Protein chains: 2
Amino acid sequence: MTLSARSLRSDAARNRELLLAAAEEEFAKRGMDASIAAIARRAGVAKGTVFRHFATKEELVAVVVGGHFVSLGAVAGELLESVDPTGALLEFLAVAAEQLQHQDLVFLQAVTEGDSTVTECRNQLHARTNALVDRAQEAGGIRSDVTGSDILLILCALVHTVGLRTEQTPDSWRRHLIILFDGLRPQGASPLPGPVPERL
Amino acid sequence: MTLSARSLRSDAARNRELLLAAAEEEFAKRGMDASIAAIARRAGVAKGTVFRHFATKEELVAVVVGGHFVSLGAVAGELLESVDPTGALLEFLAVAAEQLQHQDLVFLQAVTEGDSTVTECRNQLHARTNALVDRAQEAGGIRSDVTGSDILLILCALVHTVGLRTEQTPDSWRRHLIILFDGLRPQGASPLPGPVPERL
DNA sequence: CCACAAGATGACCGACTGGTCAACTTGATA
DNA sequence: TATCAAGTTGACCAGTCGGTCATCTTGTGG
């Protein structure tokens with residue numbers, strides 16, 4: 001991780017934010033292959049500055065991705081208050097999918113490994129996803145054999161289709177979402193194969 | 001495209017097959033970023049030989065991907081004979097997903113553009129997918145508001161989750177498939193948003 | 001069995017990558 | 001305002017990439 005958040009000089013703090021914003025945009029546009037040079041350029045700083053703030057590219061990715069965990073976790077947290085648990089889960093998938101654009105959630109599993117603060121955010125997201133699923137199940141809105149793991153896998157797939165947007169049909173992923181969600185309903189559910197994924 | 005299939009010297013023909021096989025494996029392992037050098041190494045030839053057979057990396061990709069179209073088209077063709085149209089569609093998704101591993105089907109849309117023979121294979125795949133959907137709909141096995149485009153989008157998503165395999169849960173994508181397929185059934189289907197995608 | 005075209009080779013090229021670092025600039029403190 | 005650590009810079013490095021090409025090897029028709 002970067003050195004503790006203590007005492008950043010004002011210009012350094014500003015540059016750090018510029019870099020994170022630039023990285024966000026660049027990763028969204030070019031995927032995880034976006035180059036450090038491009039990010040630096042977009043932020044209006046020299047390449048060396050990137051490495052002063054983030055020791056490696058991996059670390060930069062981890063921080064950006066950590067932000068996504070936090071943001072998704074917040075969304076899930078709000079939706080846990082909803083009076084319509086089933087609708088909340090649907091909303092969660094929709095908001096999360098759109099928010100992540102074509103950012104891959106998986107890499108993030110790997111990249112994140114070993115970073116305690118990012119791991120914590122991830123765990124919170126997992127816990128809240130489980131809670132959303134539990135509530136929807138208790139309300140009888142979704143089948144009882146799916147788990148938070150299933151939902152997150154489905155979210156990854158959904159995010160992927162959001163990334164496949166074309167100009168002609170920018171919303172075809174929403175059709176995919178509805179089909180998926182209909183498949184989550186308890187009525188007429190076929191048994192799911194394989195072992196039930198362990199709780200995250 | 002490569003020069004017409006006429007009159008390859010025996011060693012050249014052998015090397016071409018070795019290269020295609022190596023490319024298949026390497027693309028499957030490393031994704032589309034697999035390097036030409038690695039493919040050449042795996043095939044046991046020098047890098048220059050790759051470019052003798054395929055003018056650019058794009059062309060090599062197009063040929064490999066074209067093979068997938070053919071193979072998928074063949075699967076769809078066989079399944080069109082099935083007496084259980086709904087089961088055939090499910091089978092198609094399962095087989096296609098597993099066969100493609102984490103090969104992305106989309107790139108292929110782009111890479112393929114402009115290559116007549118590959119385009120032809122793609123069109124055949126599209127046509128057969130539409131036919132599979134039509135048959136399943138006529139049999140009342142799946143909802144009437146989905147189209148071949150929806151199915152191929154879903155297939156892309158499914159392929160993506162196959163690529164997310166972990167050692168612990170190598171088959172979690174099958175749970176995803178079943179959920180999806182339950183969502184395709186006509187009972188209790190929610191209306192799909194947006195314009196119906198045009199026939200491919 | 002020979003001649004020669006088709007094919008294979010690998011050093012080489014320029015562009016790009018993540019990452020380093022000595023020299024320079026600047027914000028904050030006393 | 002003088003000082004100096006904190007921060008910035010961009011040339012530079014080693015490595016990789018797709019792609020080229022002069023040179024060498026080899027399959028094959030006569």
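Since the model is a prediction, treat every value here as computed from it, not as a measurement.
- With rounding to whole Å, B/K57 atom NZ is found 11 Å from D/dT16 atom C1'.
- Here B/D182 pairs with B/R185 in a salt bridge; the nearest charged N to carboxylate O distance falls below 4.0 Å.
- Across all strands shown, B/A34 has heavy atoms under 4.0 Å from sugar-phosphate atoms exclusively, and none from any base.
- In this entry the distance linking CZ of B/F51 with P of C/dG7 reads 17 Å, nearest Å.
- Salt bridge present: B/E98 and B/R174 bring a charged side-chain N and a carboxylate O closer than 4.0 Å.
- Residue-to-nucleotide proximity on DNA chain C shows that, of A/A37 and B/A13, the 5′-proximal contact is made by B/A13.
- We find that CG of A/L60 is positioned 15 Å from P of C/dT17, with the value rounded to whole Å.
- Put simply, A/H53 has a side-chain N or O that comes within less than 4.0 Å of OP1 or OP2 on D/dT8.
- Straight-line distance from the CZ atom of A/F27 to the C1' atom of C/dG18: 12 Å, rounded to whole Å.
- In the set D/dG10, C/dG7, C/dG18, the nucleotide with an atom closest to the side chain of B/D11 is C/dG7.
- Residue B/V50 is classed as having no contact, given no heavy-atom separation below 4.0 Å to the nucleic acid.
- At whole-Å resolution of the value, CD1 in A/I36 and P in D/dT9 are 15 Å apart.
- If you take CG of B/L18 and P of C/dT9, they are 11 Å apart, rounded to a whole angstrom.
- Side-chain contact check for A/E24 versus A/L20: every heavy-atom pair is 4.5 Å or farther apart.
- Across all strands shown, A/S10 has heavy atoms under 4.0 Å from sugar-phosphate atoms exclusively, and none from any base.
- Taking atom CG of residue B/N15 and atom P of nucleotide D/dG27, one finds them 10 Å apart after rounding to whole Å.
- Contact of B/R9 with C/dA6 (side chain to base): a donor-acceptor pair of N or O atoms is detected under 3.5 Å.
- Residue A/R16 contributes atom CZ, which lies 17 Å from atom P of D/dA6 at whole-angstrom precision.
- Of the candidates B/L184, B/L132, B/L177, B/L90 forms a side-chain contact (heavy atoms from CB on, under 4.5 Å) with just one, namely B/L177.
- If you check every strand for non-hydrogen atoms under 4.0 Å, A/S35 touches sugar and phosphate atoms only.
- A pairwise comparison of heavy atoms in A/V61 and A/F27 identifies CG2-CZ, 3.6 Å as the closest pair.
- Distance from the side chain of A/K47 is smallest for D/dC12 among the nucleotides D/dT9, C/dA28, D/dC12.
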